[in-house]
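Proteins come first, then strands; the chains are lettered A, B, ... in the order of their sequence lines, and each starts at number 1.
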Amino acid sequence: MDFISILSIFVLACFVGYYVVWSVTPALHTPLMSVTNAISSVIVVGALIAAASLQAPPDGPPVYPTHPRPCLTSQGRPVDAYSDIPIDCDAELGAGTPAAAKPENSPRGWSHWLGLIAVALASINIFGGFAVTQRMLSMYKKRERKDG
Amino acid sequence: MAEAAAAQPTWVLLAYLIAGVCFILALRGLSNPESSRRGNLTGVLGMTIAVVTTLATHPIASIAEIIGAMVVGGGVGLVTARKIQMTAMPQLVAAFHSLVGLAAVLVGTAAYLNPEAFGIAVRVTPIASPSFVSIFPQSRIEMGLGVAIGAITFSGSVIAFLKLNGNMSGKPILLPLRHVINLGTLLAILLLIAYFTQDQAPLIFGLIAALSFAIGFLLIIPIGGADMPVVISMLNSYSGWAAAAMGFTLHNTAMVITGALVGSSGAILSYIMCRAMNRSFISVIAGGFGAVASAGEAAAIDRPYKRGSAEDAAFLMSQAEQVIIVPGYGMAVAQAQHAVREMADLLKAKGVTVKYAIHPVAGRMPGHMNVLLAEANVPYDEVFELEDINSEFAQTDVAYVIGANDVTNPAAKNDKSSPIYGMPVLDVEKARTCLFVKRSMGGVGYAGIDNELFYRDNTMMLLGDAKKMTEEIVKALG
């Protein structure tokens with residue numbers, strides 16, 4: 001998926017959000033805030049990726065398969081501001097082999113620990129947000145009919 | 001980046017899309033209290049899909065730790081959700097916003113430290129020097145924006161929490177030259193993000209984060225207590241944009257859709273709150289409301305007013321055909337909502353029609369009063385919004401104002417010098433009698449202004465604690 005596709009989804013979702021939120025009854029604006037709070041914790045997806053991540057030492061072989069390699073896409077867009085640096089293509093082609101991807105042997109870096117904290121924080125929000133919303137919504141009751 | 005997303009199989013993309021749709025349906029359900037509960041469960045389903053998909057598609061060597069983190073976080077969340085008082089909802093929401101912001105900063109930092117794990121970087125090996133990891137320039141912008149918005153959300157929400165929770169005075173704190181400082185800082189953040197595409201040095205990343213934390217703090221401290229409903233909605237919006245920016249970084253449709261939903265939701269709520277206070281969004285953000293007016297606090301206290309007892313109030317209301325109860329935040333503070341509902345029940349048993357009128361900014365967050373009344377078992381179809389009920393006051397015998405002040409102030413309609421001039425207010429003075437429950441004549445409303453209503457002929461002041469006064473009325477009615 002390229003940038004434009006994601007941007008399109010984003011822009012259309014803004015419009016969907018606009019119409020959906022205006023249709024929310026004002027009486028439920030507080031649950032709206034708590035539930036939007038819970039769903040914005042979908043950022044937990046990023047936190048999980050970080051928490052699951054392994055850190056390859058900068059000079060060692062990569063843990064993750066690195067594609068694209070600049071040498072292979074030299075006629076595409078510039079990969080980086082550094083792309084004017086002459087690149088050692090032999091080293092590039094040798095280094096990118098996914099053979100290095102042995103997760104259990106690789107060290108864990110800061111990103112792993114930051115990710116774990118983020119998972120915990122987002123979980124507070126997800127569980128707390130949905131639970132408190134449900135608690136509030138269960139309080140809204142209609143008038144009891146006297147003639148039942 | 002096409003290359004990064006291409007690594008994800010189609011079913012994964014579909015799963016995230018379905019999660020996004022679930023979130024849309026969760027919000028759609030809130031159009032009606034009946035459908036809202038199912039909507040919330042749809043949201044839970046969406047979140048489950050997103051989490052399971054992520055866990056299933058990434059090599060994970062530390063599943064125990066991850067589950068541990070989720071259990072700890074989830075436990076804290078569930079206990080908080082169960083224990084929290086409904087009056088404290090604004091603080092809770094502010095605290096939750098700060099967590100989203102902080103999580104966004106942490107995820108952004110993790111992505112910066114280990115971009116290969118997120119598929120947003122390449123290894124570059126220049127001739128005769130060690131190889132290094134280079135983050136795609138576009139990802140750097142998305143990451144920079146995500147971290148910046150996340151940090152603003154975090155520090156802003158922390159200040160909002162402290163103000164709402166009473167750990168910090170609700171009075172605006174006005175720094176000299178604050179507009180220059182704020183605009184300068186915002187500009188500096190944008191320039192740093194632009195420069196970040198050229199140089200991914202830790203210093204640049206750190207500066208973006210640090211300045212963003214600072215600006216979040218600086219943006220919220222000058223905003224007074226009366227404007228908190230706007231602030232909390234605005235921070236809601238920011239937390240959404242932070243999630244969206246992270247979604248762009250990770251090419252994740254669920255995050256992008258959710259971010260857009262939450263972002264627009266918060267923006268719309270901010271707009272509704274601003275409209276309800278007749279304030280422009282810019283003037284709220286610029287802050288300082290309430291600082292000037294509080295100077296005139298002592299001025300108008302020695303005016304004559306009519307004082308009534310609980311028995312008088314009970315008599316007036318039991319003789320009425322229709323009573324409209326106007327609750328405000330003061331009712332919640334005094335925990336008087338249950339007593340109010342008892343009073344309403346007794347009146348209904350006597351054949352009096354009882355309705356509730358709610359101003360959009362009564363309470364400290366959008367819809368706060370509705371939740372508090374729902375908690376006290378007030379049926380939601382007896383509760384009306386300002387536009388729906390305002391015309392009824394003229395045909396109403398008694399308006400019972402409890403804990404509300406500024407939202408009933410006629411100065412908003414006829415005093416051009418009043419800071420709340422032009423704000424839509426409830427026309428309680430049009431009722432035959434207006435009963436106004438207030439602790440004492442000394443205090444002023446949250447916005448710090450005197451209320452003309454207290455001195456009117458058809459107003460009867462019921463001085464005392466909102467809960468005790470209502471309980472006494474209940475006794476007198478029974």
Could you pull out the closest heavy-atom pair between [X] and [Y], with the gap in Å?
X: B/I268; Y: A/Y18; answer: CD1-O, 3.5 Å
X: B/V100; Y: A/S41; answer: CG2-OG, 4.0 Å
X: A/F10; Y: B/A260; answer: O-CB, 3.7 Å
X: A/I43; Y: B/A103; answer: CG2-CB, 4.1 Å
X: B/L261; Y: A/A13; answer: CD2-O, 4.2 Å

For this session: Please list, chain by chain and in numerical order, all residues satisfying side chain to side chain donor-acceptor pair (under 3.5 Å) with A/S5, sequence neighbours excluded.
Result: A/D2

Seminar exercise, completed: For B/S233, the side-chain contact (heavy atoms from CB on, under 4.5 Å) test, sequence neighbours excluded, returns A/M33, B/L269, B/S270, B/M273, B/P366

Exercise. Residues two or more places apart in sequence or in another chain: which of them pass side-chain contact (heavy atoms from CB on, under 4.5 Å) with A/S8?
Worked result: A/I4

Measuring heavy-atom distances to chain B, does [X] have an atom under 4.5 Å in its side chain, in its backbone, in both, or in neither?
X: A/I126; answer: side chain
X: A/L12; answer: neither
X: A/V35; answer: side chain
X: A/V44; answer: side chain

Exercise. Taking atom types as modelled and ignoring hydrogens, do the side chains of A/N37 and B/S239 form a donor-acceptor contact shorter than 3.5 angstrom?
Worked result: no

Counting N and O atoms only, with roles assigned by atom type, does the side chain of [X] sit under 3.5 Å from a partner on the main chain of [Y], one being a donor and the other an acceptor?
X: A/S40; Y: B/V262; answer: no
X: B/N40; Y: A/F130; answer: yes
X: B/R37; Y: A/Q134; answer: no
X: B/N114; Y: A/S111; answer: no

Exercise. B/N236 and A/T36: side-chain hydrogen bond (donor to acceptor under 3.5 Å, both in side chains), yes or no, with the steps?
Worked result: CA-CA 8 Å; B/N236 187 26; A/T36 50; 3.2 Å; yes

Looking at [atom1] of [X] and [atom2] of [Y], how far apart are the two atoms once the value is rounded to the nearest 0.5 Å?
X: B/L78; Y: A/F127; atom1: CG; atom2: CZ; answer: 6.5 Å
X: B/M86; Y: A/R135; atom1: CE; atom2: CZ; answer: 3.5 Å
X: A/M136; Y: B/L372; atom1: CE; atom2: CG; answer: 10.0 Å
X: A/I124; Y: B/M70; atom1: CD1; atom2: CE; answer: 12.5 Å

Winner by heavy-atom pair count (cut-off under 4.5 Å) against chain B, out of [options]:
options: A/L121, A/I39, A/L114; value: A/I39
options: A/L7, A/V20, A/I6, A/V119; value: A/I6
options: A/V11, A/T25, A/I9; value: A/T25
options: A/T133, A/N125, A/V132, A/V24; value: A/N125

For this session: Could you please state which residues from residues 24-31 of chain B sit under 4.5 angstrom from chain A, measuring non-hydrogen atom to non-hydrogen atom, sorted by number, or 'none'?
Result: B/I24, B/L27, B/R28, B/L30, B/S31

Between [X] and chain A, which part of the residue has a heavy atom less than 4.5 Å away: side chain, backbone, both or neither?
X: B/L92; answer: side chain
X: B/E375; answer: both
X: B/N377; answer: side chain
X: B/M47; answer: side chain
X: B/L250; answer: side chain
X: B/H58; answer: side chain

Are [X] and [Y] close enough that some pair of their side-chain heavy atoms sits under 4.5 Å apart?
X: B/N370; Y: A/Y140; answer: yes
X: B/E65; Y: A/W113; answer: yes
X: A/K141; Y: B/P379; answer: no
X: B/P33; Y: A/L28; answer: yes
X: B/V371; Y: A/P31; answer: yes

Exercise. Just wondering, more than 12 heavy atoms not from B/F384 lying within 6.0 Å of its CZ?
Worked result: yes

For this session: Anything under 30° is parallel, anything over 60° is perpendicular, the rest tilted; go ahead and classify A/F3 against B/F248.
Result: tilted

Counting heavy-atom pairs under 4.5 Å to chain A, which of [options] comes out on top?
options: B/I84, B/T109, B/T80; value: B/I84
options: B/I66, B/V76, B/V72; value: B/I66
options: B/Y112, B/F23, B/Y16; value: B/F23

For this session: Check the pair A/V21 / B/S264 against side chain to side chain contact (heavy atoms under 4.5 Å, CB included), numbers first and verdict last.
Result: CA-CA 8 Å; A/V21 171; B/S264 19; 5.6 Å; no

